[in-house]
Amino acid sequence: MAEEVKLMKGNEAIAHAAIRYGTDGYFGYPITPQSEIMETLMEEKPWETTGMVVLQAESEVAAINMVYGGAACGKRVMTSSSSPGVSLKQEGISYMAGAELPGLIVNVMRGGPGLGTIQPSQADYFQTVKGGGHGDYRLITLAPASVQEMADHVALGFDLSFKYNNPAMILTDGVIGQMMEKVVLPEFRPRKTEEEIRAEQPWATLGKLKNRKPNIITSLELDSSIMEQNNIRFQTKYKTIEANEVLYEEIQCEDADYLIVAFGSAARISQKAIDIARKEGIKAGLFRPITLWPFPAKRLNEYKDKVKGILTVELNAGQMVEDVRLAVECKIPVNHYGRLGGIVPAPREVLNELKELK
Amino acid sequence: MQHELIIAGFGGQGVLSMGKILAYAGLMENKEVTWFPSYGPEQRGGTANVTVILSDERISSPVLNEYDIAIILNQPSLAKFENGVKPGGILIYDGYGITQPPKRNDIRIYEVDAMNTASAENMSKAFNMIILGGLLKTSPIVKLESVMAGLKKSLPERHHKFLPMNEKAILRGMEIIREANAG
């Protein structure tokens, strides 16, 4: 049966999608602009229907460690927060990467640094894709640009994280989190049974069986030669993810002289700038990375011979622009335009910057 | 066809919910819709605004700085958004508390005496629906039936008894809106 089209906020869509995915647990601590995620979960009371646990932890640090614990048992567990809260979670994320645990983290970014503002920002790009915690690890990062993608990326994030036993993040901001759009929610899936988890996640610590040794989940290894081998294994896994899981969207790029590269909310604003540019006779296109890590560097590289210049638009002082410059090997001009601290640029501002490329 | 609206006023005037009802009405007509609220460390007496876009096609930016229609319910919002109305666009305002009325002559300006009407006719809870009625009269971007269907969908069932009062307010707004310039 076709699902009903609903109108809801991006944050609400994440909550509904989590219940429908068969998520086992959500652990969070309130912070604007993402509090609707836990609010919606509390309102929906999934513990009465699917059995999903929804728990307000005593802190962000507690919440990410509850995720670590749930994940160690092979459960589909998640947390959400906003920039300052996600900084607090970084130790836990690094531990999850080191222990090769799956799990979903949502960051509805706000202006920083520090406690900053509560308005939209994309200033946590570096933190997310370059490793906000310690050690050589990578975080699978999805950047939804619509309420529909907020819903869809819950399943995508969980699926990728379980495919590779690595944490995944949905990186978004208050524009996408707070706005309402049409959405078709994914279909309900039952939560995994203990038998299914034992079969699919044989490493899970669900109680020792007689025919095997105890499962141990840890990121600690005192022998550095073994730790190097662990790291090599992680790096091999990251290479596989980079080779297989890149996602992006190209809008009017085929005949473009100029590209805007932008993700999430900045991509939506840039799309309008491109529409106006096209009306004014400027052949511009939008390249929107959907996975920020793995970054669509290979595909972007192909544009170095096709377009005259690139503008990256980000709600930060210039972060993704570095990856775009690397991707095109600095062979064409790559400019950056951004607003800071919670200010969202208007399409006309972006258009003016695009014209600077000419 | 795409309609880009800003609705702005004081917190508590029903700015965000008016936008929500419009968005639901758009949903009823199978349009693409975005509803993007201003949000921040809000305080009583502060301003609130919402950008609503109704379109037949996929909507790009939910954030705008130029609008086809501005609905303005207080002086600070008028100062902020009067210049954001596209030439040839529409500005609808309630003159209550407005000491410096809009001055543009390249747009159509309408006034709805909603605040006074709402208090005189015992409809203060449906103040924003009077304004919405004014909008539907000057620019029927959605049908009245869709607004009523949208209202029904967006209100919890225990509030459905207020639907007739809301419809009455919308109809009243349609009656009292008047052109404020010859534009």
Side-chain angles (χ1 to χ4, degrees), chain A residues 4-11 32-36 108 110-111 115-120 145-148 173-183 251-252 260 262 264-276 278 286 288 313 315 339 342-351, chain B residues 2 4-7 16-43 46 48-68 80-81 83-84 86 142 146 149-156:
Chain A
E4 190 192 355
V5 179
K6 292 195 162 80
L7 194 61
M8 65 174 69
K9 289 185 173 193
N11 287 339
T32 306
Q34 62 79 56
S35 297
E36 292 87 357
V108 187
R110 50 191 258 176
L115 209 45
T117 57
I118 62 176
Q119 285 86 355
S146 63
V147 173
Q148 185 64 55
D173 63 45
V175 173
I176 309 294
Q178 295 289 332
M179 80 167 160
M180 290 204 307
E181 279 188 319
K182 280 170 29 173
V183 58
I251 299 173
Q252 295 186 287
I260 292 182
S265 57
R268 293 288 296 267
I269 295 160
S270 300
Q271 201 187 325
K272 179 102 183 171
I274 279 164
D275 290 343
I276 308 172
R278 288 261 168 185
L286 174 69
R288 176 171 77 89
V313 180
L315 308 189
R339 295 294 301 265
I343 298 290
V344 180
R348 287 266 175 205
E349 286 176 56
V350 174
L351 179 67
Chain B
Q2 180 152 316
E4 302 176 337
L5 290 88
I6 180 87
I7 309 172
L16 297 186
S17 59
M18 195 197 317
K20 202 179 260 189
I21 290 156
L22 263 179
Y24 270 103
L27 179 73
M28 295 300 138
E29 296 185 7
N30 224 3
K31 291 182 194 299
E32 296 301 318
V33 299
T34 63
W35 175 93
F36 177 62
S38 65
Y39 70 94
E42 307 296 3
Q43 58 185 39
N49 70 68
V50 61
T51 305
V52 177
I53 307 174
L54 307 177
S55 179
D56 297 325
E57 285 160 32
R58 174 174 161 171
I59 297 168
S60 53
S61 178
V63 183
L64 302 169
N65 63 342
E66 303 168 311
Y67 311 93
D68 300 311
K80 196 168 174 189
F81 294 110
N83 288 331
K86 294 178 197 169
V142 283
S146 311
L151 252 174
K152 203 168 172 183
K153 201 159 170 84
S154 64
L155 283 178

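Order of the sequence lines fixes the chain letters, A, B, ..., with proteins taken first and strands second; residue numbering starts at 1 for each chain. Treat the numbers as computed from the prediction; the structure is a model and nothing was measured.
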So if I apply the side chain to side chain contact (heavy atoms under 4.5 Å, CB included) rule between I7(B) and each of L22(B), N49(B), T51(B), which one comes out positive?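 The option that passes is L22(B).
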More than 12 heavy atoms from other groups under 6.0 Å of NZ on K6(A):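 Buried by this count: over 12 neighbours within 6.0 Å.
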Heavy-atom pairs under 4.5 Å with chain B are the metric here; pick the option from E181(A), E349(A), K182(A) that has the most.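 Most pairs with chain B among the choices: K182(A).
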Is there a donor-acceptor pair under 3.5 Å between the side chain of R110(A) and the backbone N or O of L115(A)?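 Indeed, once roles are kept as given, a pair shorter than 3.5 Å links the two residues.
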Within the side chain of R339(A), is there an N or O that forms a donor-acceptor pair under 3.5 Å with the backbone of L315(A)?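 The answer is no, because no donor-acceptor pair under 3.5 Å joins these two groups.
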Chain A contact via E66(B) - which portion, at a heavy-atom distance below 4.5 Å: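 Just its side chain gets close to chain A.
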Output the option from A23(B), S60(B), G19(B), S154(B) having the highest count of non-hydrogen pairs under 4.5 Å with chain A.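 Maximum pair count with chain A is reached by S60(B).
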Relative to chain B, which segment of I251(A) carries a heavy atom at a distance below 4.5 Å: side chain, backbone, both, or neither?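 Contact with chain B involves the side chain of I251(A) alone.
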